[in-house]
Structure formats: structure tokens, C-alpha cells
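Read through the structure below, which is laid out as C-alpha cells, and then see the notes.
Chain letters run A, B, ... following the sequence lines, proteins first, then strands; residues in each count from 1. Heavy-atom basis, side chains included; hydrogens, waters and symmetry copies ignored.
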Amino acid sequence: MTTPITPDELPPQYDAAATEKALYAEWEAAGVFRADPARSDRNGGDRTPYTIVIPPPNVTGVLHMGHGLNNTAQDVLIRWRRMSGDEALWVPGTDHAGIATQNIVEKQIAKENLTRDDLGRDAFVERVKTHVEKTGGVILEQLRAIGASADWTRTAYTLSPELSVAVREIFVRLYDDGLIYRGHRVIHWCPRCLTSLSDEEAEFNDETGALWHIRYPLSDDPSRSIEVATTRPETMLGDVAVAVHPDDERYADLVGKTVRLPISNIDIPVIADTYVDREFGTGVVKITPAHDPNDFEVGKRHNLTMPVIMTPEATMADGIDAAGRVPADLIGTDRFDARKKIVKQLESEGLLVKKQVHQHAVRHCYRCDTVVEPRLSDQWFVKMAPLAAPALQAVREGTVRILPERWNAVYVNWLENIRDWNISRQIWWGHRVPVWRCAECHFEKAYRVDPTTCEQCGNATLVQDTDVLDTWFSSQLWPFSTLGWPNEKAPDLRAFYPTDALVTAPEILFFWVARMIMSGYYCMGRSPFHTVYLTGTVRDMEHRKMSKSLGNGIDPLDVVAQFGADAMRFTLLQGMGLGVDVMLDPTDLEKSFAPGRNFATKLWNIGRFLLLQVGTDPVRDFASLTDAELTSVDRWILDRLASGISDCDAALGPARPTGATWTEQERTAGMRLDAYAEAARRFVWNDLADWYVEACKARLLQPGADREVARAVLVHVFDQALRLLHPAIPFITESLWRRLPTYTAGTFIAQAQWPSRDASHAGGGAAFDLVREVITGIRQLRSDYGLAPGKEVTAYVVGPDALVQRVLAESTLLGRMAKCAVTADAAPAGPAAHVMLGGTGLEIVLPLAGIVDLGKECARIQTEVDALDKQLTALRGRLGNEKFTGKAPPELVEAERAKEREWTARSEQLHAKVRSLCG
RNA sequence: GGGCGAAUAGCUCAGCUGGUUAGAGCACCUGCCUUACACGCAGGGUGUCGGGGGUUCGAAUCCCUCUUCGCCCA
């Protein structure tokens, strides 16, 4: 049963707003996106699973164009595999985003003049929970608007009870394996967020700063001094030594003596350590063990004290081991103000030698952009080297491939030099570190279930660690925690792990991707996926990354509202070359999304034509058509369809490695989403619309057997085209597909079979290709000679009889598409324009008395033959060169010979024409 | 400072392991509202393949070098 079509129902412009929401609701209600673990062949089913886990957006986030790009890519893959018969699962969900979410709520309560300490831990966490419940998940709703075909029944959340169990489980395992430990060292500290950060969370920014050269007088001889250089003078209050290189003769006699630390006025030793770079600055380094990671190492080697001279908020204060170091007038001063004051004081005391402009990289908090302060503290760390080993091997041996390929080296380099991961954060929003310590006997242990009494001394005096875990500690489990881990028997886990492709931005290769691979091996013994596809970045016309702070973003929902989700998706796909950034103009959405919008409309109108012309009457079963019934145009479009399908398949696949690891060839194959979009577009627009639909118009007007053949082929080809395009353009394809006469009620194109190449039609297009050349040739002449578009002309076809007949057989088409009658009669004498068909001997003569100027026609052909002869001369030169014929591959030489024969024939044909025309 | 990548049409990019008359989309130029579509149709390529050198019968493609830009890491 099909819905009757009225022209009103199909306006010339597709109305996205009226269609998309309703269609999406239908898909969801029908469970089209729901995966069933029982159908996975890993659970005894008959389908190969194909799984993607979404990079979970921040729970309070809103959709931006980066999400649009990323999720369009994932949706194309998942829809493609779903149609290909895989048990396709796309797991959606959100990340609790510890620091980011806590920051938002802290800002909120700041408006009420409250701090989190005013509320207290429990009340604050409740407050964040409430906020998340209210605003969280908006982004998942927005993903539906762009057509994301995720299985919403499996929506996950990194802070859900289920995933919290997973976090506890891996923590305890790592702890019991000795891979989680408490470390006392200098870490990156954000004085605004008041938490430590991992190395990855403290991002480098290149900045122009200053290098101050400061004189530290010798204690026993203030007339002599040693000069140090620093970019952070305020830290000198925490200096415990100055260091020189042991082989540096300049300072050899000073090692062992002490110098007087200015401002604080205490004596500190001069020590020798190979850490010092003799070439940098003065070759003397001040050692501040509590406020610099390198100095910390030096301090440990030399058994130095480690005074902390700042508060967590980075104001100056006497902290641990720092009594008497910070002068009274600096206490409570912000670090940067203190820097100015200290420089000023040094200057007035004549201890400032000079100030140099200095380019250096300064670490900033990735969440609030505050300058990170290195700070000595106790933190929990994960020992990474043992975890990194299998993850490194996975990429090296090709179990996991990273696309674009160049990221492989970046990944390998990072893992080879991996450092332990600081996982504790001094915030409240997140998974609390599951370690309890006994206040009585100090026994300490990590627990899966909250303990009540100390297992060593039996006292009920256990206190839980107050830190929470890095958000990425829970995200690293995402590919298996979302599937039911740690329950190894969970049906989803068995059915869908390992997953297949991971699609994300290169920025989080280390934050997230590498850690998922490591934890995948640690917890599951296998890599969580075999393909990492790193998308490009969405940028504006000045190539700046789109961002909230720059205000150069584009809201995907605006684009959906104006042009439809299909138009947005297609535009993004076209720009999505492997590793290529996508440029869009936030000030001109019309221009930016015109390509997708135009194609969406084109597709809609092909459908409109077809539905209105073919009608709703039953069509013949395509399979029942005999070869004899098909016309040359039918054979041509079926040939083109076969190529189109191959092109799409080659661009997208292979979906997975054929063996346990990717072969050299497979490793870089597929995932060319732009090539897929272009191949499908080219087939639909340039082949189907421009030629086949035009060629069918006359056939559809004439009732009879051929009309039924045309209807059947048209419907079949369009059905196949819609399927090819569905992953890219889900909404329009679905709404057109259900209106086809072949539609079965209750079915969805989203679940229809992906087209497979029908080789029986391959190569069947040659006959019609000749006709296309004739039409194109005539159109060129018409254009060259400025014939009015409506002006009918007569073409006289000259040449080999078989070819002449072939052209005459398509006279209706030539009349329609070239406004040209054809005849085999002898052309009348007089000026005429000519089309010579490459090497076939076929010639089309258009007598155009009064229009064609003999001189111009002569010159036109002369130009053509000159260009050809130039190429032909080069070609003959090559073929005459024995070094070429001797060394080049034989098949190439043969191809060149064939080309020479063809060009020669054509050249002769043209030369003959020139002789007859130009005398 | 270390490593990696890129430079091809006005713009964004394809051109894989050397061999096609160097391509696509957008933009642009010319002519058309040919009843599916002007968000369209027909025709048009507008290029010193960043500069210089080398290897080769043959280089956009490989090597060296310079210039410019980008990314990752410290």
C-alpha cells in the first residue's frame, strides 16, 4: 500500500521542519535503532555486531558544530552497517565532566554570594545533581534533531550507579595490583578550580614573558654574588639552593658555599647538579622544590627541604616548611602582584641585573584557562608503563589503526614516554576515591563496597579519602562500562565488545582514546575498538577554531531549522576529507550550507518528478525484466548504478579487518566519508537526474510495454539511490522511499538492505555513452554558435552504418536533449558545423546557413586539431624512444599504442575536415 | 627546543606505491523560468602543481634545499 501522491503534498522545496521530527519519532517508536544482543554472532545470533560508542558530551553541554561533524560521521557509519545487515549498536550517553560541571554550579552559587564551602560537601553535590537533572541531557535531545540513530534505550552516564560500580572495580583492581599509589610530588595545580590537574589537562600556551636576572650575594662576601635567571621571581621565596652544573668552571669554587636569598634573607647552599643547562641564562638555577617539578627532583637528590610559599589560591603565605620566608607585606598577596612587588624591591636593592623579553610556554588550566601553579602535594597516581605496553603493541602490530595515519606516530611517541597519571582532584563533583584509612591504626585500603570497620584493628574509625577521580578515569571505561562491565556475563558486553570504530577529535587522543585502549586491555584483555577515526576541526573563514569565547560558532540547531538536518549533514560530509578541517562561515549560513541544501532539494525534486510521473500504480518487479526489454539507456544507468555502489563501498569500507590485525593494504582503506558523499551525489545528480530521468521523460508519456520497463527501472534505480544516500541524508530518503510504489507498509529504509553491486550490468553503458557524446557535441556547437535554446536544427549523421543506426535509434532523445532532429540523409551543401566523435569515424553535420561562418568553423576545428597534434607528437616521441618502450611496463606501452591509434584516426578525421572546409 | 604534516584553479580540497590531455565542489563568465528542481538547466577551466636543484625514458607524485603555514610534544 502506498500513500497517494498529490502535487500539493510534494512542494518544490522540501520542508524539513514538517518532516524530520515526526520521522525521527517514528524510528524511535518502532525501535529501528535498538540493537539486540541475542542477534550478535558472539551470542549465537546470525549477525555480525558493529558497535560505536559515542564520545560522551558533557552532561550540561549544548550541541556545537564539532558535535555536528563528529556525530554525523558516526551516524553515517552506523546507518551504513545497519543497512548492511550488521547488528548495529550506537551507544549514546553523557559525561559528568567533573571540573567543568562543578565550575558551572560554583558560578551559579557565587551569584547568591555562596561558596561550595558555605554549602558543605553533601549539599553542594546535591545542588550539582539537581542542576544536572534539570539541564543535563539536553544535548542528547539535540542529537536526535540531527538524525543520530543511537540506541537511546542504552543511554549511559559516567556518574550513574552502574558506571560507578565499574569505576570502583577498576580502581580496586589497579590498587590491589600496585598500579595506583599515593605520590608526594609537584603537580599542576589550578588556583581557580582549586584542584590538581593531569599533565594533559595543563595545556601549554606560548606567551611572551620576561626572564629576570637576579643577584644572590655570597653569604660570606656580599661583594661577590651569583646571578640566577627566572621567569617566576615570586617563587624565589621558596628557594632552598642555587644549582650549577658540576663541570661548569665558572662556578666551581662556589659549590659548597652559601648565598643570601634576597627578600627572605636566609642563607641557602650552592649545589652542583647535572640537571642544570650551562647554556641557558647564566648557567645558574634557583631551586624551588615545592613549586617546580624539576627542582623537586633536584631537591630530592640533595635532601633539601621543600617549603611551600603559596596558598592553594596562589596567594603568598608561609606554608609547610616555610616559616619566616614570606615577608609580612607580601602575605596574602596574589602571586602576580607579588611578582611585581618582588621585582620592584630587588630593583631598589640593586639586586636586579636585567629583565629580558622571553618567549616561553606557560601551562593553563584546560577548564578555566588560569595559569597553572606547580605545587607540592599528595595525589593519587596510576603507574602507566605496564598499562601502556599492550596499547603500544596494539597500534604497532595493527590491531588498532588510527586514521589519519600520521597520528600513529604521535600516539606511539606519547605512550613511549608516558608518565604516571595524576587521577585525584580536589573537587567534589565526581567519583570519590574509594580508599578508606583508619584513624586509629592508619590502615589504608581500597574497597568495592563501603567498609564500616577497620579490617586491621576493628575500630569503626574509617575515613574515606576526600578527593574525587579525574573525569577521564571514568571515561576510559566507556566502551565496556556502558555494556555492563564488570559483569563479564552481561549480554551486551558479550555481544558488542570489542566495539568497532571510535570517532573523535584529535585533541582527546591522549585524554581519552589512549586511556581507553589501555584500560580495555587491562580490564577486558582486548582493545576496545579496531579503528580510531580522528575528525578534522570546524573552523571559520579565517581558519580559527569555532569557539564560544571567540563567538564564531554556528549553532547546528539553527542550521537544522533553516535548511534541515539532511542539508547540514551532507554539507559537513562533503567537507570531511580524512584529517581535513571543515571551514564554515558563521556570518553566512546560506553560503556555507548551500551545497547540502541544494543537493537535498535536488534529491527531493527527483523524487517529486518520479512520484508524480510514475504514479502509484503497481510497477513490474525489476527482477522480471528481461535483458531484451531493456533499452540502451536502461543498461547505461544500471551500469552507472553498479559503479556508484562500488565507489560508495570502496569509500566507506572495509568495516573491519579481515583478520585479527589490519593488513598493510587495509590499514588506510575506507572511512573516506567525503568520497562516499561525492560518489553518491555524482551518481544521483550527474547520472540519474541529468541523463536517465531526462531520457525517461518521453518513455513515460507513451503508454505501453516500454513505459512499464522505464517505470520499473526508474523505481528500482531510485530505490537503490535512496538507500545509498540514506546514511548521509536520512530524513529525505526515508520520506521518499515510503512513497515508492514498491513500498511495503511498516518497513523503513533505515533497515533496508544496503545495495550490492549487480555485475551483470557492468560495462553495459557503452552504447548510450556514444549517444551522450553526440548530445554533448551538439550542445557545444549550439552554444559556440549562439543558437537560441529553443531553435530546432537538423543533424546529418555520417559514418559507419552501425554507429549511424545507433544514433538514429535515439532520435526522440536527441530531439529532447539537443533540440535536434537526426537523419542519415546526405547533408545539403553550404556552411555547416561539425562534431567529430573521437576516433569512431562518426561525424555529425549541422548545416547552419547564415549562422556558421566558414572561417570561424575552420578556425574552431583547426584549434582542436592543433592541440591534438601537439599531444600526438609527444606521444609518438615517447613511443619512438627505445628507452621508454624498453623500460616502461609492457601494458603501459600497449595502452600508449592504442591511444596513438585512436588519436591518429581522430587527427586524420579532423585534418580531412579542415582540408574540405578551409580549402 | 624536539617530532610530524601541508603548500595543486579565486576558496576548500582529490590526485595512493612515478606513466590520463592535472580533477571535484563552491565561486566566476555566457545563454536559458525547456511544467521535478532558478536551491535549477546548458555551455565555459580561469593552473609556472610554493621557489631552486637532483634522480629518471618520464616528476604534481621520489630525493636534497630554501620559504611559508599548521599540528603534536617539551
What stems, by residue range, does RNA chain B take part in, given at least 3 consecutive Watson-Crick or G-U pairs under 3.5 Å?
-> B:1-7 with B:67-73, B:10-13 with B:23-26, B:28-32 with B:40-44, B:50-54 with B:62-66

Could you measure between the two P atoms, the one in G51(B) and the one in G10(B), and give it in whole Å?
-> 14 Å

Separation of M583(A) atom CE from G25(B) atom C1', in whole Å?
-> 15 Å

Criterion side-chain contact (heavy atoms from CB on, under 4.5 Å) against M817(A), the qualifying member of R772(A), E694(A), E810(A), K697(A) | E694(A)

Can you list the steps and then say if R672(A) with E678(A) is a salt bridge (charged side-chain N to carboxylate O under 4.0 Å, His left out)?
-> CA-CA 10 Å; R672(A) 267 38 175 211; E678(A) 177 56 19; over 6 Å; no

Looking at K697(A), does any N or O in its side chain come under 4.0 Å of the phosphate oxygens OP1/OP2 on U35(B)?
-> no

For nucleotides U65(B) and A6(B), find the distance between their P atoms and express it as a whole number of Å.
-> 16 Å

If you look at every strand shown and take non-hydrogen atoms under 4.0 Å, does F510(A) touch a base, only sugar-phosphate, or nothing?
-> sugar-phosphate

Using the closest heavy atom to pick a nucleotide of RNA chain B for each, name whichever of P595(A) or V410(A) lands nearer the 5' end.
-> P595(A)

Under 30°, 30 to 60°, or over 60°: which ring-plane class applies to F511(A) and Y366(A), parallel, tilted or perpendicular?
-> parallel

Counting side-chain heavy atoms from C-beta on, which of U21(B), A74(B), C37(B) comes nearest to K602(A)?
-> C37(B)

Mind checking the P distance from G52(B) to U17(B)? Whole angstroms is fine.
-> 23 Å

If the P atom of G44(B) is compared with that of A36(B), how far apart are they to the nearest Å?
-> 25 Å

Show me the protein contacts with nucleotides 5-10 of chain B, counting only N or O atoms at under 3.5 Å.
none

Nearest-0.5 Å distance, OG1 of residue T776(A) to CG of residue L781(A) = 11.0 Å

Interface with RNA chain B, restricted to residues 666-692 of chain A and to heavy atoms under 4.0 Å = E678(A), R681(A), W685(A), A689(A), D690(A)

Could you tell me whether the phosphate oxygens of U12(B), OP1 or OP2, come under 4.0 Å of any side-chain nitrogen or oxygen in H543(A)?
-> yes

What is the nucleic acid contact for W414(A), judged by heavy atoms within less than 4.0 Å: base, sugar-phosphate only, or nothing?
-> nothing

Taken to the nearest whole Å, CD1/I729(A) to C1'/C39(B) is 13 Å

Looking at E864(A) and R906(A), does any basic side-chain N land under 4.0 Å from a carboxylate oxygen?
-> yes

Between W414(A) and F510(A), how do the two ring planes meet: parallel, tilted or perpendicular, split at 30° and 60°?
-> parallel

U61(B) and G15(B): how far apart are their P atoms, nearest whole angstrom?
-> 15 Å

Remember a base hit wins even if backbone is also touched, and classify R779(A) as base, sugar-phosphate or nothing at under 4.0 Å, heavy atoms.
-> sugar-phosphate

4.5 Å side-chain heavy-atom contact, T885(A) and R897(A) | yes

Going by distance alone, is a donor N or O of one side chain under 3.5 Å from an acceptor N or O of the other, for R699(A) and T812(A)?
-> no

On a whole-Å scale, what distance lies between the C1' atoms belonging to C28(B) and G47(B)?
-> 15 Å

Quick one: closest heavy-atom pair of F731(A) and E20(A), and the distance?
-> CE2-O, 3.3 Å

Contact class for T601(A) vs. all strands (heavy atom < 4.0 Å): base, sugar-phosphate, or nothing?
-> base

N598(A) CG - A24(B) C1' separation (whole Å) = 16 Å

Would you say the side chain of T904(A) lies within less than 4.5 Å of the side chain of L872(A), judging by non-hydrogen atoms?
-> yes

Would you call R878(A)-E900(A) a salt bridge at under 4.0 Å N-O?
-> no

Considering only A36(B), G43(B), A74(B), which nucleotide approaches the side chain of Q780(A) most closely?
-> G43(B)

RNA chain B contacts made by residues 567-575 of chain A, counting heavy atoms under 4.0 Å = none

Measure from CG on L534(A) to P on C4(B) and round the result to the nearest Å.
-> 19 Å

Nearest-neighbour nucleotide for the V580(A) side chain, C37(B), G43(B), A14(B) considered = A14(B)

Any side-chain heavy atom of W421(A) within less than 4.5 Å of one from M518(A)?
-> no

Remember a base hit wins even if backbone is also touched, and classify V582(A) as base, sugar-phosphate or nothing at under 4.0 Å, heavy atoms.
-> nothing

At their closest point, which heavy atom of D585(A) faces which heavy atom of S592(A), and how far apart are they?
-> N-OG, 2.8 Å

Only pairs at least two apart or in different chains count here, so list each ring pair (Phe, Tyr, Trp, His ring centres under 6.0 Å) that has a residue in residues 565-588 of chain A.
-> F570(A)-F599(A)

Between C1' of U20(B) and CG of L868(A), the distance in whole Å = 14 Å

Give the nucleotide from the list A74(B), A36(B), G19(B) with an atom nearest to the side chain of N605(A).
-> A36(B)

For G536(A) against L69(A), the heavy-atom pair lying closest together = O-CD2, 3.4 Å

All N/O contacts under 3.5 Å from nucleotides 55-62 of chain B to the protein, with atom names and distances to one decimal?
from	atom 1	to	atom 2	distance (Å)
C57(B)	OP1	K887(A)	NZ	2.2
C57(B)	O2'	N881(A)	ND2	3.3

The residue, R816(A) or L578(A), whose nearest nucleotide of RNA chain B is more 5′ is L578(A)

Interatomic distance, R876(A) CZ vs G19(B) C1' [rounded to whole Å] = 19 Å

Decide, yes or no, whether a salt bridge links E297(A) with R185(A) under the criterion of side-chain N to carboxylate O below 4.0 Å.
-> no

Student check: side-chain heavy atoms of L736(A) and L611(A) closer than 4.5 Å = yes

If every non-hydrogen atom of H245(A) is compared with every non-hydrogen atom of V276(A), which pair is closest and at what distance?
-> CD2-O, 3.2 Å

Whole-Å distance separating the CD atom of E894(A) from the P atom of G19(B) | 19 Å

Please work out if E694(A) contacts a base, only the sugar-phosphate, or nothing of the nucleic acid, heavy-atom cut-off 4.0 Å.
-> base

Look at all strands and tell whether K899(A) reaches a base, only sugar-phosphate, or nothing, counting heavy atoms closer than 4.0 Å.
-> sugar-phosphate

Please state the C1' separation for the pair U30(B) and U46(B) - nearest whole angstrom.
-> 14 Å

If the C1' atom of A59(B) is compared with that of G53(B), how far apart are they to the nearest Å?
-> 14 Å

Let me know the distance between CG of D540(A) and P of C11(B), rounded to the nearest Å.
-> 16 Å

Determine, for E902(A) against K899(A), whether the closest basic-nitrogen to carboxylate-oxygen distance falls under 4.0 angstrom.
-> no

